[in-house]
Number of protein chains: 2
Amino acid sequence: MTKKVTIKDIARELNTNYSTVSRALNDSPKISDATKQSVLKQAKLMGYQPNSFAQKLKKGYSNTIGLIVPRINRVFFSNVIHGVETIAKQQGFNVIICQSNESVKDEEDNVKTLLSNNVAGIIMSISKETQNESSFQEILTNKIPFVMFDRALNNLVSNQVVNNNFKGAYEVTEHLIKQGYQKIIHFSGPLYINIYQDRLNGYKKALADYQIAFNPDFIIENTLTKDKGIAAVEELLKQKVDFDAIFASGDYSALGAILCLRQHHILVPEQVGVAGFANEPFTELLDITSVEQFSTDMGKSAASLLLEKVQRKEISDQYQNIEILPQLIIRKSTQKL
Amino acid sequence: MTKKVTIKDIARELNTNYSTVSRALNDSPKISDATKQSVLKQAKLMGYQPNSFAQKLKKGYSNTIGLIVPRINRVFFSNVIHGVETIAKQQGFNVIICQSNESVKDEEDNVKTLLSNNVAGIIMSISKETQNESSFQEILTNKIPFVMFDRALNNLVSNQVVNNNFKGAYEVTEHLIKQGYQKIIHFSGPLYINIYQDRLNGYKKALADYQIAFNPDFIIENTLTKDKGIAAVEELLKQKVDFDAIFASGDYSALGAILCLRQHHILVPEQVGVAGFANEPFTELLDITSVEQFSTDMGKSAASLLLEKVQRKEISDQYQNIEILPQLIIRKSTQKL
DNA sequence: TATATTTGTGCAAACGTTTGTATTAAATAT
DNA sequence: ATATTTAATACAAACGTTTGCACAAATATA
């Protein structure tokens, strides 16, 4: 590596002191315009790049925040990352991204890495395994700002940015009812995860509001993949269950359902309406009704919230809870009318 | 923020010198096991976290690499990021991820940011706008290891990890021919971008090898979105062009083609075979033949290559060119037989 | 026993900044 | 003309590490 140019080099070249150079580069009012000009010019000439480590060491804080997600290459999370990056960049912050791979152990390691990198704050969505705050206890004791998004621990009070899953599910169900569907199956995720529980509750509430009796047999748990969606529909048909719509808590199972129905020459949406949740890119391509979660906005909100806390520097005990309102995206798969 | 614990604090507590503490923490052979034990214990007790800025400043290098991609939230790139992260983490490196948003200006800014963060090396895929090396001239003069992936400049000699687009396209075309398709339309991207040119060349070569005359009218440029795919098929049908297959240089246009054909009650694959390129997630869901580019592996290769150069520390003039072999994924949309 | 070697620890400089204080020169006020 | 203020720059310490060198004590060699 070639020797790096430092402010001392610039100072030597200009026959001045390096503190002058430092102040000139930082546009201090104590420095005359003339010297500022010449310093800037010389710095450019010599290709000066400030050594950020020295700066951060001296200043005692960094312009870097940490972001921990279960997996980077998931549409939802990569959109969140995009949002976080955008806001952070705007405010002159860098982002170090870590993935927990849905493991508590990796999550702990990530926290350690971020802390020893002196990040100014941390944004995270917990792994599926995470049941308590042990893995990020260190963040709390280190007293740096901390924001959780999407998946959050119920029992932990903290800054949060979450989606209103209840409302999203309510709207899907309401829409189905208004389209004339009456016997609505619900494909759910594991109910110990709060987002799926919330969606189920939204579904129930809508039924109740429209005086449709809730049938527990219509809830099929753990059907969030394409294959499980297919299998579930097969089973429904085999059992000759009388249904006219499916609200799936995930887009992949909605897709599976549609493919299976089509296989059996059952028309969607004429005979059976199908809706998903998450608005995965393929739902637009295939005209499947779904719920947009505004993942990029979620990332932006989380970053804004965190950076606000970071800038303030005082860690208050005031926690903020930001709710992202999801939006029902109506497409052909549920448009009977 | 609470005051950070430093090695001096630990030393004071143990009535020893801070250099001893430093060496103990770094497991230096010059320190007795007894002191190492007590230092480690005390460090843990006091919740010591090394100040990475001080370390990096002193050592003069960082365990961070930079990664510049056009967009983070694209399946292809998020997979590459995933691959890079995985390898980097394994070798104790962090990754700072930047997005150029397909703009040369942002690309330049990214480069500056990364350099002032003293990254040990940089991996990048150029933006669509980028025509020459001006935006990363600084990397080259800074003499840090540098690897380009996927989109690379032809005229710049550098370390590269690229996909063999020629071969991928050849195999798709060959497969179509072997399935009995003879009149194969090719939907291409902008031909000034080398990857699309390479794919077109692969297509031509396959035709030639199987004694099928090349018809320039069968090449439809700039048809890489779903809508453009639909429009192109509409046009073909309107013009009553006689074709029995479509090889699209991108999956979205292949999808558009299929949707449009289906609309016109033309059977896929029985009457017209359709293949895409990139193996986007939805192609699996919809059983569309495509070409897997192994984006995660591409990221892994790029990271391994870069880190190898970084570890060596000497910037050699030897550049490496790694080729990723794509794989044809045959699905229903082209299986006439 | 005297000397050489090994082992473990302490001292201090250095990495490249920022920033409080001291110093100088110039400008203004008395 | 001298005293005072102001503006611009210089000096030096500090941030928290790593690491070469010096040194003392313990052990090995003669």
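This is a predicted model, so every value here is computed, not measured. The sequence lines fix the lettering, A, B, ..., with proteins before strands; numbering per chain opens at 1.
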Closest to the 5' end of DNA chain C, once B:Thr16 and B:Lys58 are matched to their nearest nucleotides, is B:Thr16

Does B:Thr20 place a side-chain N or O at less than 4.0 Å from the phosphate oxygens OP1/OP2 of C:dG10? yes

Result block: side-chain N/O donor-acceptor pairs under 3.5 angstrom for residues 89-98 of chain A, not counting sequence neighbours:
from	atom 1	to	atom 2	distance (Å)
A:Lys89	NZ	B:Asn110	OD1	3.0
A:Gln91	OE1	A:Gln311	NE2	3.0

Rounded interatomic separation in angstrom, taking CG from A:Asp9 and P from C:dC15: 11 Å

Quick note, B:Arg23 side chain, CB onward, closest among D:dG16, D:dT19, C:dT21 is D:dT19

Below 3.5 Å, does any donor atom in the side chain of A:Lys30 face an acceptor in the base of D:dA8, or the other way round? no

Side-chain heavy-atom pair B:Asn51, A:Leu57 within 4.5 angstrom cut-off: yes

Relative to the ring of B:Phe77, is the ring of B:Phe149 parallel (under 30°), tilted (30 to 60°) or perpendicular (over 60°)? perpendicular

Separation of D:dA12 P from A:Lys8 NZ (nearest whole Å): 12 Å

Respond yes when some side-chain nitrogen or oxygen of B:Gln55 is under 4.0 Å from OP1 or OP2 of D:dG16, and no when none is. no

Whole-Å distance separating the CD1 atom of B:Ile31 from the P atom of D:dT19: 13 Å

For B:Ser22 and B:Ser19, test the side chains for any donor-to-acceptor distance below 3.5 angstrom and give the result as yes or no. no

By the 4.0 Å heavy-atom rule, please label A:Tyr18 as base, sugar-phosphate, or nothing. base

Counting C-beta onward and ignoring hydrogens, is there a side-chain heavy-atom pair between A:Ile324 and A:Ser301 closer than 4.5 Å? yes

Of all the nucleotides listed (D:dT9, C:dG16, D:dT17), which has the minimum atom distance to the side chain of B:Tyr48? D:dT17

Indicate, with a heavy-atom threshold strictly under 4.0 Å, whether B:Ser28 touches base, sugar-phosphate, or nothing. nothing

Select base, sugar-phosphate, or nothing to describe what A:Ser52 touches, counting heavy atoms under 4.0 Å on all strands. nothing

Taking any heavy-atom pair under 4.0 Å as a contact, classify A:Ser32: base, sugar-phosphate, or nothing. sugar-phosphate

Would you kindly give the CG-to-C1' distance between B:Asn26 and C:dT9, to the nearest whole Å? 16 Å

Using a cut-off of 4.0 Å on non-hydrogen atoms, how would the nucleic acid contact of A:Thr35 be classed: base, sugar-phosphate, or nothing? sugar-phosphate

For the side chain of B:Lys59, counting heavy atoms from C-beta on, which of C:dT18, D:dT17, D:dT18 is nearest? D:dT18

Measure the distance from CG on A:Leu14 to P on D:dA8 and round it to the nearest whole Å. 17 Å

Gap between atoms CD1 and P, on A:Ile7 and D:dA10 respectively (whole Å): 13 Å

Distance check needed: D:dT17 C1' versus B:Arg12 CZ, whole Å only. 15 Å

Kindly point out which of C:dC15, D:dA10, C:dT17 is positioned nearest to the side chain of A:Asn17? D:dA10

Give a yes or no on whether a salt bridge exists between A:Lys112 and A:Asp109, defined as a side-chain N under 4.0 angstrom from a carboxylate O. no

Touch check for B:Lys56, heavy atoms < 4.0 angstrom, all strands: base, sugar-phosphate only, or nothing? nothing

Rounded distance (Å) that lies between atom P of D:dG16 and atom CG of A:Asn117: 17 Å

Closer than 4.0 Å, any side-chain N/O of B:Asn51 to the OP1 or OP2 of D:dT17? no

Distance test, side-chain N/O of B:Ser19 to OP1/OP2 of C:dA12, below 4.0 Å: no

